[in-house]
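Written below as structure tokens is the structure these notes are about.
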Amino acid sequence: MSKKDSEFQVKIMSFLFRGKEIFKPLNTGFIDERVSCIREYVANIYFYTKDGYTIMIDAGYNYDRLAEKMSWLNISPKDIKEILITHQDTDHVGAIEADSNQLFSHARVYENRYLTGEVRRRVMNGWYKVPKVTIPNKKKLLHDGEVFEIDDIKIETILVPGHTWGHVVYLIDDEYLFTGDTIWFGADGGYS
């Protein structure tokens with residue numbers, strides 16, 4: 001996938017789902033004292049901050065205004081040292097792909113299955129392999145049920161392969177669950 005793929009997906013998603021109320025991303029802002037988010041088209045990027053340390057959950061599209069919107073939340077790209085990825089769709093990894101602006105080239109990326117390139121996602125009933133995602137960052141492969149800490153932030157990895165194979169959700173500090181596209185709310189309250 002590439003910047004071109006991000007641009008293509010934004011156009012296609014906007015055209016196919018206009019008026020269908022399938023995607024309802026939150027507007028850029030603070031959700032509570034620990035969680036904030038940025039809205040990019042039909043996706044959100046989340047930030048979790050504890051004791052002055054911020055981690056990023058998903059990296060969104062290859063979006064030109066990401067650094068600007070982060071500044072609205074008083075977050076600098078250079079402050080992001082860890083990024084938790086729920087799955088490899090371009091609206092979740094675009095900002096860390098090789099042809100991105102490399103705002104987060106210094107950050108370690110955590111994910112379940114696709115980071116190594118050993119597996120590529122198939123779509124359209126398995127007829128088409130999604131192009132390999134190239135991410136130059138340091139990587140940490142996670143496993144179902146793995147519990148680890150980042151700067152006193154407790155993170156539990158839960159494998160939920162429904163939307164994509166290898167999709168994970170993150171339970172943070174036993175209180176906040178970041179679901180990626182495992183659950184998304186549409187006109188029918190649907191799931192992915």
Side-chain angles (χ1 to χ4, degrees), residues 1-10 13 23 25-29 31 34-49 53-117 119-121 130-142 148 150-151 153 155 157 160 163-164 166-170 172 176-184 192:
M1 288 189 274
S2 65
K3 187 161 184 78
K4 232 186 336 189
D5 292 314
S6 283
E7 292 166 358
F8 175 75
Q9 186 178 13
V10 167
M13 300 285 265
F23 302 104
L26 297 170
N27 288 326
T28 298
I31 296 168
R34 289 199 177 159
V35 180
S36 56
C37 74
I38 290 176
R39 179 181 180 163
E40 292 183 320
Y41 311 112
V42 297
N44 281 124
I45 298 169
Y46 292 94
F47 300 91
Y48 183 83
T49 302
Y53 196 86
T54 301
I55 59 174
M56 186 171 169
I57 299 94
D58 286 329
Y61 287 103
N62 201 332
Y63 184 59
D64 293 330
R65 295 184 59 207
L66 182 53
E68 173 193 345
K69 285 194 172 185
M70 287 177 74
S71 73
W72 299 356
L73 303 171
N74 300 315
I75 300 171
S76 170
K78 69 177 186 233
D79 295 334
I80 301 299
K81 306 279 189 279
E82 282 85 18
I83 303 172
L84 306 176
I85 299 296
T86 58
H87 64 295
Q88 291 280 323
D89 285 351
T90 194
D91 57 330
H92 294 261
V93 297
I96 55 174
E97 290 189 65
D99 74 337
S100 71
N101 295 337
Q102 294 298 300
L103 293 173
F104 309 103
S105 60
H106 58 282
R108 175 176 269 184
V109 176
Y110 297 76
E111 201 253 352
N112 176 261
R113 185 72 193 225
Y114 294 97
L115 284 176
T116 63
V119 176
R120 287 190 21 221
R121 182 166 176 215
V130 173
K132 183 181 175 195
V133 174
T134 304
I135 299 172
N137 298 57
K138 290 180 190 172
K139 300 165 186 75
K140 167 85 169 110
L141 215 53
L142 300 172
F148 61 101
I150 296 173
D151 202 65
I153 298 170
I155 301 164
T157 305
V160 287
H163 177 64
T164 64
H167 193 300
V168 292
V169 301
Y170 299 99
I172 299 182
Y176 296 87
L177 185 67
F178 293 89
T179 63
D181 286 346
T182 299
I183 301 171
W184 40 277
S192 61

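Among I57, I155, I150, the single residue meeting the side-chain contact (heavy atoms from CB on, under 4.5 Å) criterion with Y110 is I150. Partner of M56 under the side-chain contact (heavy atoms from CB on, under 4.5 Å) criterion, out of I45, I38, I75: I45 alone.
Taking both residues in full, the closest heavy atoms of T179 and T86 are given as C-CG2, 4.4 Å, listed atom of the first, atom of the second, then distance. The two residues I96 and P136 have their closest heavy-atom pair at O-CD, 3.7 Å. In terms of heavy atoms, S100 sits closest to G94 at CB-O, 3.4 Å. Nearest heavy-atom pair across N27 and C37 is O-SG, 3.5 Å. Listed here is the closest heavy atom pair of R39 and K69: O-NZ, 2.9 Å. The shortest heavy-atom contact between I153 and Y53 is CD1-O, 4.1 Å.
The aromatic rings of Y48 and Y176 stand perpendicular to each other, their planes meeting at an angle above 60°, with 30° marking the opposite boundary. Using bins of under 30°, 30° to 60° and over 60° for the plane-to-plane angle, the ring pair H106/F104 lands in the tilted bin.
Atom CG of N137 sits about 11.0 Å away from atom CD of E97, to the nearest 0.5 Å. In this structure, CG on D58 lies 5.0 Å from CD1 on I85, to the nearest 0.5 angstrom. The line from CZ of R108 to CD1 of I80 is 15.5 Å long, rounded to the nearest 0.5 Å.
D64 has its side chain within reach of N101: a pair of non-hydrogen atoms, C-beta onward, lies under 4.5 Å apart.
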- Message: Could you walk me through whether I135 and E111 satisfy the side chain to side chain contact (heavy atoms under 4.5 Å, CB included) test, starting with their C-alpha distance in whole Å, then the side-chain angles of each, then the deciding distance to 0.1 Å, before giving a yes or no?
- Response: CA-CA 12 Å; I135 299 172; E111 201 253 352; over 6 Å; no
- Take S36 and T49, measure what side chain to side chain contact (heavy atoms under 4.5 Å, CB included) needs, and give me the verdict at the end. CA-CA 8 Å; S36 56; T49 302; 5.6 Å; no
- Message: Show, in sequence, the C-alpha distance, side-chain angles and deciding distance for F178 and V35, and conclude whether the side chain to side chain contact (heavy atoms under 4.5 Å, CB included) test is met.
- Response: CA-CA 10 Å; F178 293 89; V35 180; 4.1 Å; yes
- After noting the C-alpha distance and the side-chain angles of V109 and V93, does the key distance pass the side chain to side chain contact (heavy atoms under 4.5 Å, CB included) rule? CA-CA 10 Å; V109 176; V93 297; over 6 Å; no
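Sequence neighbours left out, not one pair with a member in residues 70-85 passes salt bridge (Lys or Arg N to Asp or Glu O under 4.0 Å).
Legend: residues meeting side-chain contact (heavy atoms from CB on, under 4.5 Å) with T157, ordered by chain and number and at least two apart, are L142, E146, F148, V168, Y170.
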